[in-house]
J.: 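Input: one structure, supplied below.
Remember, it's a predicted structure, so these values are computed and weren't measured experimentally.
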Amino acid sequence: MKRYLIIPTIIAACCLCGLSSCDKWLEATSSSQISKDKLFSSRNGFHEALTGVYLDMGSASCYGENCTWYANEITALNYTTDNSSSLVALQKHYYGSTVAMDIFTQIWKSCYNVIANANAILEELDKRRDVITSDYEYSLIRGELLGIRAYVHFDLLRMYGLGRWDNGNEGKMTVPYVTGYSKDVTPQLSYSETVKLLEKDVAEALALLADDPVTGNAPENFESTLNADRYWSYRSRHMNYYAVKALSARINMWKRDFDKAEEDAAEVIDHAFATGLVSWVNAEAMVKEISNDLIDWTFSSEHVFSLEITSLYTYVSQFWYSSNPSVNVSLKTEEALFSQADENFEEDIRGRALLLKYNASGYTSYKFYGSTSFASEYRNRMPMIRISEMYLILAECHCRKAEYEEAFDCLDEIRAHRGYTDPIDRNLHPEPEYLLEFLRETLGEGQSCFMLKRLLAEDNEAAAGCGAMLEDFAGNTMYPYPTDETTYGRVQEK
């Protein structure tokens with residue numbers, strides 16, 4: 001029985017790299033593993049282990065490829081591929097094929113490996129208060145780890161679970177929610193019970209991160225003591241307080257608690273700008289910039305949370321920028337996303353004005369462009385949560401209450417920073433408009449499949465308003481459990 005799919009037996013060596021000394025650490029540990037006792041004998045060891053969890057998240061089998069621009073985007077039908085390509089299995093939702101099952105097994109294993117490593121550090125953190133003596137730093141480490149654990153479990157729920165957790169599905173079994181580091185197999189629970197565990201982690205993470213440095217509430221001597229090495233800086237690259245609050249907004253959208261989702265999203269918007277965590281990109285300046293190496297392709301200043309993935313361009317270039325048309329992945333239809341009635345859609349920096357480049361295979365997104373001379377502050381960034389998504393959540397919540405003018409205002413706020421000069425025509429129906437903006441914003445980030453899946457599972461006006469945009473996606477929207485899991489008793493209820 002391959003229990004490693006749920007419980008890895010040891011913290012992986014690749015999990016032990018520090019943000020500021022990643023290369024040095026990899027060099028030092030290339031031929032040996034550092035013992036757990038030695039690793040957790042110092043503050044730096046805990047920092048390195050925490051950083052390692054973020055690095056694990058950025059692996060190709062996890063958010064560096066499969067859970068973002070590759071598998072999740074292909075299943076959302078955002079790309080077109082050569083018919084002979086193995087990618088067709090994902091595109092046509094042939095989920096039982098060997099190619100697809102291999103990918104889904106990789107995702108499952110890598111996600112639970114991230115969770116297991118987070119749990120292992122949490123266990124050591126409570127054992128070694130003689131090492132992490134500061135209550136404030138203890139709260140930061142534990143808060144980030146619980147936020148990560150919730151983030152990854154939530155995505156497992158969305159990938160391998162149903163599109164609705166209510167409407168008669170509350171008692172069905174779903175993915176295991178693993179809260180300990182043990183060789184014991186974690187039992188499956190119902191959606192209702194699993195979501196309670198998810199919410200518990202989010203609530204505790206928010207409480208622990210209430211004085212996150214990004215909130216401006218850090219201790220007076222924080223910068224000269226705990227942050228003297230700058231480890232706790234660059235908060236958008238950590239699971240910070242507002243990232244967890246944004247995650248809460250996502251979760252509440254899936255719970256269909258739209259009032260709470262609106263409250264969460266509004267708090268992130270109100271404070272993320274004010275605290276300097278995020279700022280809108282300058283669309284006009286970006287279009288005028290003639291050097292590819294000086295353009296902030298992922299709009300990194302707008303990231304509430306992102307991963308730094310050193311091999312990102314290597315991963316992406318195999319498919320997006322390949323000279324071989326049989327593997328080059330291009331947009332399924334650029335026209336569907338950007339050729340709208342707006343007179344100035346050509347100015348949209350998410351489209352032909354900046355990110356979309358034409359080649360022999362069609363339009364390809366330059367969102368994850370990279371080179372050896374690329375500006376370091378923009379390099380290797382994978383957006384995990386954007387500030388624009390909070391506006392999109394607000395727009396949908398307003399639509400649910402028939403507050404259409406407020407919904408349009410949210411969409412116009414995003415578009416104003418994407419090159420548009422005119423507001424959306426108020427004669428249009430808002431539901432398709434917020435879905436369209438969502439697809440434009442998150443292209444290549446693995447989020448559109450979740451939005452489409454959630455809407456497809458509904459039977460109300462909001463889903464009906466987007467009906468034409470959901471037709472192609474209809475069909476199998478639940479990734480199958482790995483064979484080893486079902487062989488030894490896991491049940492995937494539909």
Side-chain angles (χ1 to χ4, degrees), residues 68-69 72-74 76-80 278-290 292 294-304 306 312-313 316 320-321 329-359 362-370 378 381-396 408 410-425 428 430 432-452 466 469:
T68 51
W69 61 269
N72 278 2
E73 287 292 297
I74 295 170
L77 310 183
N78 285 330
Y79 305 145
T80 184
V278 300
S279 61
W280 290 112
V281 296
N282 186 327
E284 183 179 359
M286 290 176 71
V287 172
K288 289 180 179 178
E289 178 57 60
I290 61 174
N292 285 344
L294 298 177
I295 295 175
D296 184 4
W297 297 96
T298 68
F299 308 166
S300 65
S301 68
E302 300 178 7
H303 297 176
V304 178
S306 63
L312 180 59
Y313 185 61
V316 174
W320 280 14
Y321 314 124
V329 177
S330 58
L331 292 184
K332 181 180 179 183
T333 167
E334 176 266 348
E335 296 292 317
L337 288 180
F338 294 98
S339 289
Q340 301 301 306
D342 300 279
E343 294 180 358
N344 57 353
F345 77 90
E346 290 276 3
E347 306 304 317
D348 194 323
I349 58 174
R350 299 166 299 184
R352 280 175 270 179
L354 184 67
L355 289 185
L356 300 188
K357 309 294 182 183
Y358 189 78
N359 58 32
Y363 281 94
T364 297
S365 173
Y366 261 53
K367 181 175 283 188
F368 302 121
Y369 168 84
Y378 307 145
R381 301 293 294 278
M382 173 57 71
M384 302 293 278
I385 304 175
R386 298 177 167 279
I387 193 63
S388 56
E389 184 185 345
M390 298 300 103
Y391 284 92
L392 292 163
I393 286 175
L394 283 185
E396 182 177 344
F408 279 126
C410 292
L411 300 181
D412 282 338
E413 180 67 18
I414 297 171
R415 288 159 58 92
H417 299 282
R418 300 297 180 255
Y420 288 85
T421 56
D422 297 326
I424 298 176
D425 183 352
L428 296 173
E433 293 303 310
Y434 77 65
L435 177 55
L436 180 63
E437 290 301 321
F438 189 95
L439 297 177
R440 288 171 171 173
E441 279 293 301
T442 63
L443 185 65
E445 298 171 21
Q447 293 298 318
S448 58
C449 64
F450 299 138
M451 168 66 95
L452 295 170
C466 302
M469 301 182 72

J.: Where do S306 and P383 come nearest, in terms of heavy atoms and distance?
T.: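 Looks like CB-CA, 4.1 Å.
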J.: Passes side-chain contact (heavy atoms from CB on, under 4.5 Å), E396 versus M451? Steps please.
T.: CA-CA 11 Å; E396 182 177 344; M451 168 66 95; 3.8 Å; yes
J.: Could you give the distance from CD (E433) to CG (L428), rounded to the nearest 0.5 Å?
T.: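 Rounded to the nearest 0.5 Å, the CD-CG separation comes to 5.0 Å.
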J.: Would you compute the distance between atom CD of E413 and atom OG of S388 and round it to the nearest 0.5 angstrom?
T.: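 Here the interatomic distance stands at 11.0 Å.
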J.: Do L355 and F299 touch side chain to side chain, with heavy atoms closer than 4.5 Å?
T.: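 The answer is yes; the side chains approach within 4.5 Å.
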J.: Looking at every non-hydrogen atom in both residues, tell me the closest pair between A395 and L411 and how far apart they are.
T.: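 Of all heavy-atom pairs spanning A395 and L411, the closest is CB-CD2, 3.8 Å.
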J.: First locate atom CG of L436, then atom CD of E441, and finally report the distance between them rounded to the nearest 0.5 Å.
T.: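 Interatomic distance, L436 CG to E441 CD, rounded to 0.5 Å: 10.5 Å.
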J.: Which atom names give the shortest non-hydrogen contact between I349 and V281, and what distance separates them?
T.: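 What the structure gives for the nearest pair is CD1-CG2, 4.2 Å.
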J.: Are any side-chain N or O atoms of E302 and backbone N or O atoms of I387, one a donor and one an acceptor, separated by less than 3.5 Å?
T.: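 Not a single qualifying donor-acceptor pair exists.
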J.: How many angstroms lie between CZ in F368 and OG1 in T298, if you round to the nearest 0.5 Å?
T.: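 Rounded to the nearest 0.5 Å, the CZ-OG1 separation comes to 7.0 Å.
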J.: May I have the step-by-step check of side-chain contact (heavy atoms from CB on, under 4.5 Å) for M382 and L312, ending in yes or no?
T.: CA-CA 8 Å; M382 173 57 71; L312 180 59; 3.8 Å; yes
J.: Would you find a donor on one side and an acceptor on the other, under 3.5 Å apart, between the side chain of E445 and the backbone of T68?
T.: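 No.
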J.: Below 4.0 angstrom, N of the basic side chain to O of the carboxylate: do R418 and E437 qualify?
T.: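 Salt bridge absent between R418 and E437.
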J.: Decide side-chain contact (heavy atoms from CB on, under 4.5 Å) for L356 and S365; before the verdict, give the C-alpha distance in whole Å, the side-chain angles of both, and the deciding distance to 0.1 Å.
T.: CA-CA 5 Å; L356 300 188; S365 173; 4.1 Å; yes
J.: Determine whether more than 12 heavy atoms belonging to other residues, nucleotides or ligands lie under 6.0 Å from atom CD of E289.
T.: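 Enclosed: over 12 neighbouring heavy atoms sit under 6.0 Å from CD of E289.
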J.: Any idea which heavy atoms bring N72 and G446 closest together, and the distance?
T.: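 Where N72 meets G446 most closely, the heavy atoms are ND2-O, 3.6 Å.
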J.: What pairs with Y366 under ring pair (Phe, Tyr, Trp, His ring centres under 6.0 Å), at least two apart in sequence or on another chain?
T.: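 Result, ring pair (Phe, Tyr, Trp, His ring centres under 6.0 Å) vs Y366: W297, Y321, Y369.
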J.: Please state whether the rings of Y391 and W280 are parallel, tilted or perpendicular, taking 30° and 60° as the class boundaries.
T.: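 Rings of Y391 and W280: tilted, 30 to 60°.
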J.: Using the test ring pair (Phe, Tyr, Trp, His ring centres under 6.0 Å), find all partners of H303 that sit at least two apart in sequence or belong to another chain.
T.: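 Not a single residue meets the ring pair (Phe, Tyr, Trp, His ring centres under 6.0 Å) criterion with H303.
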J.: Looking at every heavy atom in both L392 and Y434, which two are closest together, and how far apart are they?
T.: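 Taking every non-hydrogen atom into account, CD2-O, 3.8 Å.
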J.: Apply the side-chain contact (heavy atoms from CB on, under 4.5 Å) test between I414 and each candidate in E389, R350, R440; give the one that qualifies.
T.: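 Testing each of E389, R350, R440 against I414, the sole residue satisfying side-chain contact (heavy atoms from CB on, under 4.5 Å) is R350.
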J.: Could you tell me the separation between the CE atom of M286 and the CD1 atom of I295, rounded to the nearest 0.5 Å?
T.: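 Those atoms lie 6.5 Å apart.
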J.: Stepwise, does the side-chain contact (heavy atoms from CB on, under 4.5 Å) test hold for R415 with D422?
T.: CA-CA 9 Å; R415 288 159 58 92; D422 297 326; over 6 Å; no
J.: So, taking the atom named OH in Y378 and the one named CG in D296, what distance separates them when rounded to the nearest 0.5 Å?
T.: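 Those atoms lie 5.0 Å apart.
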J.: Check S448 against L439 and note the closest heavy-atom contact, atom names and distance.
T.: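 That would be CB-CD2, 3.4 Å.
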